[in-house]
Chemist: 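This is the structure I have questions about; it appears just below.
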Protein chains: 2
Amino acid sequence: MRISTKGDYATRALQDLALHYDEGPIPIEAIAQRQVLPARYLEQLLLTLKRAGVLASKRGVNGGYYLAKPPREVTLGQVLRAVDGPIAPIFCVSEENLREHCSQETTCALRDVWAEVRDAVSAIVDHTTLADICDRIRAKTKQRITYQI
Amino acid sequence: MRISTKGDYATRALQDLALHYDEGPIPIEAIAQRQVLPARYLEQLLLTLKRAGVLASKRGVNGGYYLAKPPREVTLGQVLRAVDGPIAPIFCVSEENLREHCSQETTCALRDVWAEVRDAVSAIVDHTTLADICDRIRAKTKQRITYQI
DNA sequence: AGATAGCCGACTGATTGACTCAAGTATTAA
DNA sequence: TTAATACTTGAGTCAATCAGTCGGCTATCT
Ligand code: FES
Ligand code: FES
């Protein structure tokens, strides 16, 4: 039940871009350094995120990537589905793949359980937006500062 | 977010064993045929399940595998953790691995989300027992028969 | 003794994961 | 107009994991 580094890296990158929303395009290299991610690898992740409509980009000097929509409108679910596939833990409960049926469906109750799992995970990632992430980080940071003083 | 074939096959096999609880030891080959699974592969899965305390076995003629505990006391979580690793979607929220910390923890709100996901999945698989699975199957079958008549 | 069936370790092939690289194109600043 | 910047594209690499097989051993029952 792991998410891949793609999902990990992509969400970290988006978290970073959300924190720097309104600062114009941000180059891959800047994100990679702040989040400590391999730049050339991140490159292709951001590209697929762009193709998925989550990101937009600007080339050349002062170019970079930026969110195509405000942080409030981007969910983790969109990001995860874009870089990894569907959320479903097993093919026979995938939102796509509706044609392909499991041979044992009639005598198998596991399918229902996997569907529950899928729905539970979806419920979380589809309701958590980048804005929520930012809020949590700011809350954390504030708390840390308060205690430090 | 996929479960591997190990998790898939193991749960299918246990579902089968639970349905045939009280029938004494059941040979691998019988399970493999009923559930349409590769027998030699299933062999090693059942063995790890035995080492995990979920199954017991008897050798020789009329031997086979059987549940070490009644179906009511075996959860899918136990099975999944035995054949695949921990449920956590990412290493930094794994129940084990408590020493290893993520470099970015203080400026990363994703960790909390992955923890939510882990808890949501755990809640399902740790509360679903093989007995629940059997009940569901029997309910399904009954329904099917009712409609067929 | 012979048949059955689990136990154990090793081995393999294919796929996927996690990257890296080279060359190209658009944009801007000097 | 040239140079620098930075995204775009496609291909290539390397290792690990996955999914499964195989041979031989040991225990048990008839
Ligand atoms: S695993 Fe697909 S129906 Fe049981
Ligand atoms: S991913 Fe581990 S703390 Fe953010």
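Predicted model, so just to flag it, every value in this text is computed and none were measured. What you see below is based on every heavy atom in this structure, not just the backbone, and it leaves out hydrogens, waters and symmetry mates.
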Chemist: Which part of the nucleic acid, if any, lies within contact of I26(B), taking any heavy atom under 4.0 Å across all strands shown: a base, the sugar-phosphate backbone alone, or nothing?
Modeler: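 Sugar-phosphate contact only - I26(B) comes under 4.0 Å of backbone atoms but never of a base.
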
Chemist: Does dA18(C) have its OP1 or OP2 closer than 4.0 Å to a side-chain nitrogen or oxygen of T5(A)?
Modeler: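 The answer is yes; a side-chain N or O of T5(A) sits under 4.0 Å from OP1 or OP2.
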
Chemist: To the nearest 0.5 angstrom, please state how far the NZ atom of K6(A) sits from the OG1 atom of T48(A).
Modeler: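 It is 7.5 Å, given to the nearest 0.5 Å.
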
Chemist: Q33(B) CD to dA5(C) C1': how many Å, rounded?
Modeler: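 Spelled out: CD on Q33(B) to C1' on dA5(C) is 14 Å.
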
Chemist: Please find the pair of heavy atoms, one from Q15(B) and one from C108(A), that lie closest to each other, and give the distance.
Modeler: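 In terms of heavy atoms, the two residues are closest at OE1-CA, 3.5 Å.
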
Chemist: Using a cut-off of 4.0 Å on non-hydrogen atoms, how would the nucleic acid contact of I28(B) be classed: base, sugar-phosphate, or nothing?
Modeler: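 Since only primed, P, OP1 and OP2 atoms lie under 4.0 Å of I28(B), the category is sugar-phosphate.
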
Chemist: Is any side-chain N or O of K58(A) closer than 4.0 Å to OP1 or OP2 of dT5(D)?
Modeler: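 For dT5(D), OP1/OP2 do not have a side-chain N/O of K58(A) under 4.0 Å.
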
Chemist: Looking only at non-hydrogen atoms, find the nearest pair between P89(B) and M1(B) and report the distance.
Modeler: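 Minimum heavy-atom contact is CB-SD, 4.2 Å.
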
Chemist: Categorize R51(B) for me: base, sugar-phosphate, or nothing, with a 4.0 angstrom heavy-atom threshold over every strand shown.
Modeler: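 The residue R51(B) makes sugar-phosphate contact but no base contact.
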
Chemist: Among dC7(C), dG23(D), dC7(D), which nucleotide has an atom closest to any side-chain atom of Y65(A)?
Modeler: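 Closest nucleotide to the Y65(A) side chain: dC7(D).
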
Chemist: Is Y9(B) close enough to dG20(D) that one of its side-chain N or O atoms is under 4.0 Å from OP1 or OP2 there?
Modeler: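 For Y9(B), the contact criterion (side-chain N or O under 4.0 Å from OP1 or OP2 of dG20(D)) is met.
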
Chemist: Of the nucleotides dT30(D), dA18(C), dG6(C), which one has an atom closest to the side chain of N62(B)?
Modeler: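 The listed nucleotide nearest to N62(B)'s side chain is dT30(D).
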
Chemist: Roughly, in whole Å, what's the span from OH in Y41(A) to P in dG17(C)?
Modeler: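 Atom-to-atom, Y41(A) to dG17(C), this comes out as 8 Å.
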
Chemist: Select base, sugar-phosphate, or nothing to describe what E29(A) touches, counting heavy atoms under 4.0 Å on all strands.
Modeler: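 Counting heavy atoms under 4.0 Å across all strands, no contact is made by E29(A).
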
